[in-house]
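Here the structure is laid out as structure tokens; the discussion comes afterwards.
FYI, side chains are in, hydrogens and waters are out, and symmetry mates aren't considered; it's all heavy atoms of this structure. Start at 1 and go down the list; that is how both ligands and their atoms are numbered.
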Amino acid sequence: MGTVKCVGILTSGGDAPGMNAAIRAVTRAAIYNGLQVKGIYRGYRGLITGEIVEFKSQNVSNIIQLGGTILKTARCNEFMTPEGRQTAYETMQKEGIDALVVIGGDGSLTGARIFAQEFNVPCIGLPGTIDNDLYGTDTTIGYDTALNTILEAVDKIRDTATSHDRLFFVEVMGRDAGFLALNGAIASGAEAAIIPEFSTEVDQLEEFIKNGFRKSKNSSIVIVAESELTGGAMHYAERVKNEYPGYDVRVTILGHLQRGGSPSAHDRILASRLGAAAIDAIMEDQRNVMIGIENDEIVYVPFTKAIKNDKPIKKELVNVLRELSI
Ligand code: ADP
């Protein structure tokens, strides 16, 4: 039996649809297993300032369908300093919190790893990011919903692109990972995706133009991952205007709307399973692992592995997009 009596839960970094379903799952699974739960507001900032409330089962009623995070989220530079983390540890002791569940992306889990090491506090991470860029899990909480939001938008853009015979560059989020762009392109029937993973290998714009979409199509949609490595959609629109005049080019940047909205069934189920598994892990005295899902099975991924390794893009997906966009 585990040694933990009280679990603190926080959401940190970029918000993602399904975070609320995860908060609900962690809270209910903890209570079910006889643990006390405390909700920490505004990510690590709330851990430093003590913005903490005890959560009962009813605190998480009626939230599974909500986007965003009821615990709020924040970016907290103070937690990046040893002094900030020391204050956070003191708050935990004062509140009687003896384990943490952190829901967030790469940065949030890096913070959890450092904190866990410094103060010997059991920390469990849940992958909460629309980018799907955490290694060791097939998918992350929020990714599926964001992908569906992209589809809805691109379907609408296609109507106007076709009517005017235009070339649209649609920019989607993804930071350094092309999952949203590539799978968004496949699912929306876009003609190409420009992703950071290949930006040093080939000129993806030239490749797309060379593939000669004009032979069979008058309009076209290219999904571009927002990233310093790709340069973003505006960059490609400018290039086409300068290097290939004659195309009627437009840009749509989907931006923050990709983060919002009610989580999909997939994200709700994923968040529920991962949240319940986080409490299983705590009961088993696991520490410093991210809970992931691989081949539909729950897996424990050491923080160092989840954060340090780049999740590879499947070449097969690139080929599918290329073959089907002729
Ligand atoms: P995400 O979790 O979505 O990747 P960020 O990268 O902004 O978001 O990280 C969220 C928060 O996690 C930061 O504001 C900070 O409080 C904490 N964090 C990130 N990196 C570190 C680090 N190296 N050391 C300590 N805390 C960190």
Identify the closest protein heavy atom to atom 21 (C) of ligand 1: which residue and atom is it, and at what distance?
Met80 SD, 3.6 Å
Nearest atoms (heavy-atom pairs only) where Thr230 meets Ile195
CG2-C, 3.6 Å
Nearest protein heavy atom with distance in Å, relative to atom 23 (N) of ligand 1
Thr110 CG2, 3.6 Å
State, to 0.1 Å, how close Val251 and Ala237 come at their nearest heavy-atom pair, and which atoms those are.
CG2-CB, 3.3 Å
If you compare Gly111, Cys76, Ala112, Ala16 by their heavy atoms, the one closest to atom 15 (C) of ligand 1 turns out to be Cys76
Please name the pair of heavy atoms, one in Gly13 and one in Thr73, separated by the smallest distance, quoted to 0.1 Å.
O-OG1, 2.7 Å
Can you report which non-hydrogen protein atom sits closest to atom 20 (N) of ligand 1, along with the distance?
Gly107 O, 3.4 Å
Taking only heavy atoms of Phe79, which atoms of ligand 1 are found under 4.0 Å from at least one of them?
16 (O), 25 (C), 26 (N)
Can a cation-pi geometry be assigned to Lys311 and Phe179, taking NZ or CZ under 6.0 Å from the six-membered ring centre and within 45° of the ring axis?
yes
Parallel, tilted or perpendicular, judged at 30° and 60°: which one describes the rings of Phe79 and Tyr44?
parallel
Any nitrogen or oxygen of Arg75 lying under 3.5 Å from a nitrogen or oxygen in ligand 1? Just yes or no.
yes
Taking 4.0 angstrom as the limit and counting only heavy atoms of Tyr44, give me the atoms of ligand 1 inside it, by number and element.
12 (O), 16 (O), 17 (C)
Can you tell me how far OG of Ser272 sits from CZ of Arg24, rounded to the nearest 0.5 angstrom?
6.0 Å
Please determine if Arg273 and Asp280 form a salt bridge, counting it only when a charged side-chain N lies under 4.0 Å from a carboxylate O.
no
Quick one: does Gly105 get an N or O within less than 3.5 Å of an N or O on ligand 1?
yes
Identify which of Ser12, Gly128, Gly14, Ser108 has a heavy atom lying nearest to atom 2 (O) of ligand 1.
Ser108
Cationic N near anionic O, under 4.0 Å, Glu207 to Arg322:
yes
Residue and atom name of the nearest protein heavy atom (relative to atom 8 (O) of ligand 1), distance in Å to one decimal
Gly13 CA, 3.4 Å
Atoms of ligand 1 close to Ile114 [distance to a heavy atom under 4.0 angstrom, numbered from 1]
22 (C), 23 (N), 24 (N)
